[in-house]
Amino acid sequence: MLDSFFGSFSAAVSFPEDQLRCLSALFLGYPLAFAFRLLPANNPNLKHIASVVTSFFLIVVVVNDLVGLMHLLGSSIAVWRIMGVVEGKWGPRLVFIGVMLHMSVSHLIRQFNDYRGYKLDHTGPQMILTMKLTSWAFNVYDGRRNPKELSRYQQEHAITTFPSLLHYLSYVFFFPAVLVGPSFEYMDYIRFIELSQFRDPKTGKIHWPAGRVMASMKSFFFSLIALASLATIGPKLDVLWTLSPAWRALPWVLRFGYVQLAAFAARFKYYAVWKMAEGACIMAGFGYNGQDPKTGESRWDATSNINVWAYETGESIKALADSWNMGTNKWLKHSVYFRVVSPGSKPGPLETFATFGVSAFWHGFYPGYYLMFASSAAALTAGKMLRSHLRPRFVSPTSGKTPAWYNIVGMLLTQSTINCLSVSFLLLTFTDSIEVWKNLYFVVHIGIAAVIVLVPVVFPVKRKSKKLQQETEKVKELAHNVAEEVATVAVGAAKEVLESTPASDKFKTL
């Protein structure tokens, strides 16, 4: 029945059936998430069952990918069994290697069968699954370690009690995020299911913060705008046109300008699906992130995968990286970057390039991915040099800020750099990527190399004198001692007040 419906609908609107099915599953996430929110708060197992069953329905019935579900389910159960048996550090290592290899095989099969194609299959959900499974494995391992060995983030997400298969699969197959993400930590999900962050510790009653439906609808309508933009602007700014003689015949400025617009237009598809999934997560009640310290309003951005405004106005490559695909960035940071750093040592360029390498490997095996991430790693290094060597010369000594013109120039350079580098991510092949960059005279790459080589020489970092450093340390120590003394006096005063106050008056005060 659904096959006939989607086939007819696809032909009527001239839209690929596989993408139509995926969008339909994302749309269905909203009413299903609304119903999920209404499930009894005191019955978490019912929520776990509903999450798993709903995902199976969306994948098998709506998306029509039973084979894909077998891949996802088989990989998930294997990881659960491995971490149940292997208790040492090799547990998460085996999981990381195993799921990355499994995903790599899927990438290669897709690449050989549909080279440079965009037909949707299980590799997309499997990429999300890979992040979940590896981070979950590390969290289980952290739960078996001495808490003193863990960072604050690792302590907050360590899994001290090995979960049942139902709880685990509910996390893996949380239906609003199963197709396109976002990825998130197991303990954050369990706290959401048990509603511990909304439960009054005294009465046990649930107090839902305001703004959930409004935040969900904002994401939903933004995704509709992105879809409309993709449908209207996308075909007119196809990046493949950069391979045509007509594009090469343009003046350099117009060639460069078209690349900027094409890269910008290509981002609409990511904005559309990510914001759609984010809105469904919020509708289910998942995504509360405390209150805004400035406005006091509830924030529902904990499951956000993209900060569109921050990305489009970012003034550095790091700012863009922090705003784009944030679930993946968090995974790369906590499951790759900080896992390869030796205890007691500071991360350096090697860890940066290793993280970018894993990110490229996670995306697949098209050469364009590796060109993009290698270039981005170099651009990130150049950005750090500019920040440490050049930026201090423009910081106002009174306000501690840089002038507006400096920020605008930084934004323009950053955006033009990432747009140019992302061409290889969109074109996928080595030959096409190099050809487009060659027709742009490798201006961005030459600029990156020039910054890395020349900036430390032309703008050396001004070192503080040894005397000034000693005086600074003395001031810091004095401030620390004063703060401790004030805290001690305050605590003592509080104790005296409490001890001198009758018990009945204490309760009145509370």
Side-chain angles (χ1 to χ4, degrees), residues 5-6 9-10 13 15-16 18-39 47 50-51 54-55 57-59 61-63 120 124-125 128 173-184 188-189 192-193 198 208-234 264-292 295 297-312 323-328:
F5 167 76
F6 280 115
F9 194 17
S10 174
V13 298
F15 196 77
D18 58 321
Q19 298 179 31
L20 188 62
R21 285 177 175 272
C22 181
L23 284 176
S24 299
L26 292 175
F27 274 107
L28 277 173
Y30 281 80
L32 291 171
F34 185 83
F36 186 85
R37 157 69 179 80
L38 299 177
L39 293 177
K47 296 181 183 179
S51 180
T54 303
S55 275
F57 167 77
L58 292 176
I59 295 173
V61 179
V62 180
V63 179
L120 299 179
I128 307 301
F173 288 99
F174 182 52
F175 67 92
V178 71
L179 294 177
V180 298
S183 174
F184 43 84
D188 291 336
Y189 177 73
F192 150 67
I193 290 293
F198 306 131
W208 282 97
R212 175 181 61 89
V213 175
M214 181 62 70
S216 175
M217 288 296 97
K218 283 182 179 179
S219 294
F220 176 74
F221 285 117
F222 186 92
S223 68
L224 292 183
I225 294 173
L227 281 173
S229 302
L230 181 64
T232 55
I233 301 175
F264 170 72
R267 292 197 282 272
F268 285 130
K269 60 184 176 183
Y270 298 100
Y271 294 161
V273 296
W274 284 344
K275 297 302 285 187
M276 185 76 72
E278 175 188 334
C281 287
I282 296 172
M283 184 62 76
F286 188 36
Y288 180 67
N289 199 20
Q291 292 183 320
D292 190 312
T295 63
E297 296 180 354
S298 299
R299 293 174 53 188
W300 289 91
D301 57 359
T303 56
S304 181
N305 217 16
I306 177 69
N307 187 330
V308 178
W309 177 255
Y311 187 88
E312 297 297 343
S323 306
W324 177 268
N325 204 355
M326 293 188 289
T328 302

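Counting begins at 1 with the first residue of the sequence.
- Closest non-hydrogen pair, Met326 versus Ser304, comes out as CE-O, 3.3 Å.
- Under the side-chain contact (heavy atoms from CB on, under 4.5 Å) criterion, Ala228 pairs with no residue at all, not counting sequence neighbours.
- Taking the ring-ring contact (aromatic ring centres under 6.0 Å, His included) definition, one finds that Phe34 meets it with nothing, sequence neighbours left out.
- In this structure, the side chain of Thr54 does not engage the main chain of Ser51 through any donor-acceptor pair within 3.5 Å.
- Residue pairs meeting the side-chain hydrogen bond (donor to acceptor under 3.5 Å, both in side chains) criterion with at least one partner in residues 19-31, sequence neighbours excluded, are Asp3-Arg21, Glu17-Arg21.
- The side-chain hydrogen bond (donor to acceptor under 3.5 Å, both in side chains) check on Glu312 picks up Arg267, Tyr271, with sequence neighbours excluded.
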Margin query: Applying side-chain contact (heavy atoms from CB on, under 4.5 Å) to Val180 and Asn305, what does each step give before you reach the verdict?
Written below: CA-CA 10 Å; Val180 298; Asn305 217 16; over 6 Å; no
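- Residues that satisfy the side-chain hydrogen bond (donor to acceptor under 3.5 Å, both in side chains) test with Asp18, not counting sequence neighbours, are absent from this structure.
- Applying the ring-ring contact (aromatic ring centres under 6.0 Å, His included) criterion to Tyr270, with sequence neighbours excluded, gives Trp274, Trp324.
- Residue pairs meeting the side-chain hydrogen bond (donor to acceptor under 3.5 Å, both in side chains) criterion with at least one partner in residues 280-291, sequence neighbours excluded, are Asn289-Asp301.
- Not one N or O on the side chain of Asp292 forms a donor-acceptor pair closer than 3.5 Å with the backbone of Glu297.
- Note: Arg37 CZ to Trp208 CH2 = 4.5 Å, rounded to the nearest 0.5 Å.
- Legend: residues meeting ring-ring contact (aromatic ring centres under 6.0 Å, His included) with Phe286, ordered by chain and number and at least two apart, are Phe174, Phe184, Phe192.
- For Asp188, the salt bridge (charged side-chain N to carboxylate O under 4.0 Å, His left out) partners are Arg191, not counting sequence neighbours.
- Within the model, atoms CG of Leu38 and CZ of Phe36 stand 11.0 Å from one another, a figure rounded to the nearest 0.5 Å.
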Next item on the list: Dump the intermediate steps for side-chain contact (heavy atoms from CB on, under 4.5 Å) on Leu179 and Leu120, then the final yes or no.
Entry: CA-CA 10 Å; Leu179 294 177; Leu120 299 179; over 6 Å; no
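- Ser298 meets the side-chain hydrogen bond (donor to acceptor under 3.5 Å, both in side chains) test with no other residue; sequence neighbours excluded.
- Checked against side-chain hydrogen bond (donor to acceptor under 3.5 Å, both in side chains), Arg212 has no partners two or more places apart in sequence or in another chain.
- By the ring-ring contact (aromatic ring centres under 6.0 Å, His included) test, Phe15 pairs with no residue at all, sequence neighbours left out.
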